[in-house]
Every structure is written in structure tokens, then in C-alpha cells.
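First the structure, in the form of C-alpha cells, and then the observations on it.
Along the sequence shown, residues are numbered consecutively beginning with 1.
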Amino acid sequence: MTGLKNDRLLRALRRQPVDVTPVWVMRQAGRYLPEYRSTREKCGSFMSLCQNPQAACEVTLQPLERFDLDAAILFSDILTIPDAMGLGLYFVEGEGPRFRKVVSTPGDIEALPVVNTLKDLTYVTDAVRVIRRELNGRVPLIGFAGSPWTLATYIIEGGPSREFAQTKALVYDQPEVLALLLEKLTASVIDYLNAQIAAGVQAVQIFDTWGGVLSASAYLKFSLAYMQRIVSALNTGPDGDPVPVILFTKGGGTWLEQMAESGCHALGLDWSQDIAQARRRVGDRVALQGNLDPAVLRSSPRVIAEEVDLILERFGSGSGHVFNLGHGITPDIAPDNVAALVDAVHTQSVKYH
């Protein structure tokens, strides 16, 4: 943490005292910002932007120029790992990610390689180094990866899904085939996050976007168990201290106690969970991150300030809270409302510290 002009995020993740509650926003670099849309247009496509370290740095820093955020998050995508496995990631406007190569048989899974980040994803680590240099200690940089389960759903379904029919068929009919894929993805994510840490990220988040679609027993077996292995395999930072890890399972409120025992430093909460109840359930084992409903940002600064105050009050006094949305910001949000959110968190949280 030494050398940072603003270390609130790292202190809060470690449940150390802070002057105000730190705040960052999932997808804070994105389509709601006109400057982001301009940079993406110049790059020609989303993947071209991701694979250009200078451009990725530019869009990572754009929200920090507008808002008094307490962290930057690496601009990339959770599906860079499947892309590096040779599946051919591309994006369809209005539909989301797709893969050119279909994984539909046990043989297809058997043939998938484990990703070597320094060979297959150098544009990501190059971007981390450029961003750290340009940040110059202003705020910490967060790295991230998708959870093995979430990555597996995209690989097996070929893109987004509502029913997850093919993936869930493997859960119940061919669990050993799914386990093979999850093993490869776990090894890939460990390598990926450790490479990001070596390149300079100061905290990491594991996005388990689709863990909440599983049954209770299946979540523990096919999602949390693999995330726990990732957490235990991450390297320390250059100062020898563990790099804070945030686990975010959308729809994961059922399993907060088990997630808190994973070795992570913080749990991300989606907007459906009550942060006061979550704090009672996990005690002082982990910090909590969240959890404003992203839809609140479609309202007015007055309503945003009121909703911020509700969450701050529900968390209560003391350390261990990182303010965030309960999921990613949507493209239709007015940037002025994000400014209102950030200002409200900093102004209204003083009394809790």
C-alpha cells in the first residue's frame, strides 16, 4: 500500500480504518461515457480495444478524470481466457459475446489447452504495466478474472444463456466432463491472475456472474470449490503481503458464510441482498462490497443520495465496506448521476468512520 496517494480501497478490503467509505463501480469504464465510445470507435471493435494496451489504459483512466473514484479497474473482459484457448471470441451488437468454435463434446474439452498468460495474453499484462505507470500511485489498480464456472457456461453454451441447458446437463449427467473443463479453467485463471499481480495489479476480483443459477449443493461443488482453489494459489504482492481478493457471485446470497471461509478478503453483494444481514452473517471474517441497484442511477441526484444513505446506514459504523453497485453500470446511465453517486458516498459516509 505504500506509495499510494489514495489507499482507501486496500485499507477497507483489509478491514482497516478509513476516513470515508471508498467507492468504485463495476464496468466504470464503458459505454455510458461518450469518451469511451469515441475510443472504441477509433479502435474498430471491442476486442481491438482490449488488445491495444495504450487504448486499454486510456479507457481505464477515463472515469477517473470525471469522478473522484477510489480505484481503477483494468479494462478487459472475462472471456479473454476462452479466447486464448482458441475459441475465437467476438461480439454481436445487442446480443453480446459469441465464440466461433463450438465446444460440444468431451473430446472438444479434452483438446482445450491451459492458458499461459505470458505467451497467450501478453496484451493484458502489458496494459497493466502501462496503466500502473500512468496512474502514478493515484489510486490502486484492480485486476480480475471470471470464475471457472462462469467461463464454462459461456464456453459450453457458446455465449450468453437463460437456461444454461447444456452446462447443467453436464452437472447432472457428466460431472466428470465438466470437472475436466473446470480444472483447465482453474489452472488458467490462477496463471492469469498471478500474471496480473506480477505486472502490478493491487487487488483482484473474481466475477462469478452465473454461480447463482446453481442449486445449493452444485454451487459448492462446481463454483465455490474452484474459486477457493484460486484464492489459495495466488501470489503475494511485491511487499510480501497477500493481494486482496474480492469474490462476487451474482445471486450468491445463500452461500455468504461458505464464501467467507474461502480465504478471500471481501465478498461482493448483488442488489438483492441486505447488507446489514450480510454483515451479521459474515461477522468480521471479510469485508463487504456493494450493493446499490444499478437502476437507481436512472433516477435523480436526490434519490441517488437517499439510496446511498440507506446502504451506508444498513452497513453501519466501522471499517470493511467498499461501496459499489450490485452489478455493472448500464450504458444508458448519465455520467452526472455517477458523479452524484461518488460524491454522496464520500460526503455521507464520514459519520460512519
Kindly state each residue pair satisfying ring pair (Phe, Tyr, Trp, His ring centres under 6.0 Å) with at least one member in residues 244-300, sequence neighbours excluded.
Y219-W255

Residue pairs meeting ring pair (Phe, Tyr, Trp, His ring centres under 6.0 Å), one or both in residues 80-108, sequence neighbours left out, come to F46-F91

Indicate yes or no: at least one non-hydrogen side-chain atom of R129 is less than 4.5 angstrom from one of R132.
no

Non-hydrogen side-chain atoms of S262 and M227 separated by less than 4.5 Å:
no

According to a 4.5 Å side-chain heavy-atom criterion applied to Ile, Leu, Val, Met, Phe, Trp and Tyr, with indirect links allowed, do [X] and [Y] form part of one hydrophobic cluster?
| X | Y | value |
| --- | --- | --- |
| L247 | L234 | yes |
| L61 | L33 | yes |
| V20 | V139 | no |
| V18 | F67 | no |
| L49 | V92 | no |

Of all heavy-atom pairs between [X] and [Y], which one has the smallest distance, and what is that distance?
| X | Y | value |
| --- | --- | --- |
| L193 | A145 | CD2-CB, 3.8 Å |
| N337 | S299 | ND2-O, 3.0 Å |
| G290 | I275 | O-CD1, 4.1 Å |
| P148 | Y226 | CG-CB, 4.0 Å |
| V243 | A203 | CG1-CA, 3.6 Å |
| P97 | Y154 | CG-CE2, 4.0 Å |

T150 and side chain to side chain donor-acceptor pair (under 3.5 Å): which partner among T249, D208, T209?
D208

Under 3.5 Å, sequence neighbours excluded: what are the donor-acceptor pairs made by side chains of residues 174-187?
residue: E183; atom: OE1; partner: R229; partner atom: NH1; Å: 3.4
residue: E183; atom: OE1; partner: R229; partner atom: NH2; Å: 2.8
residue: E183; atom: OE2; partner: R229; partner atom: NH1; Å: 3.0
residue: K184; atom: NZ; partner: I109; partner atom: O; Å: 3.0
residue: K184; atom: NZ; partner: E110; partner atom: O; Å: 2.6
residue: K184; atom: NZ; partner: L112; partner atom: O; Å: 2.6
residue: T186; atom: OG1; partner: L182; partner atom: O; Å: 2.7

Sequence neighbours left out, cut at 3.5 Å: what donor-acceptor pairs do the side chains of residues 158-166 make with other protein atoms?
residue: S161; atom: OG; partner: E163; partner atom: N; Å: 3.3
residue: S161; atom: OG; partner: F164; partner atom: N; Å: 2.8

Taking the basic N atoms (NZ, or NE/NH1/NH2) and the acidic carboxylate oxygens, is any pair closer than 4.0 Å for E306 and R302?
yes

Is the shortest distance from a Lys or Arg side-chain nitrogen in R298 or E307 to a carboxylate oxygen in the other one below 4.0 Å?
no

Any pair with a residue in residues 310-329 that passes side chain to side chain donor-acceptor pair (under 3.5 Å), sequence neighbours left out, goes on the list, sorted by first then second residue, please.
D274-R314

Residues at least two apart in sequence or cross-chain that pass side chain to side chain donor-acceptor pair (under 3.5 Å) with E261, listed by chain then number, are R285

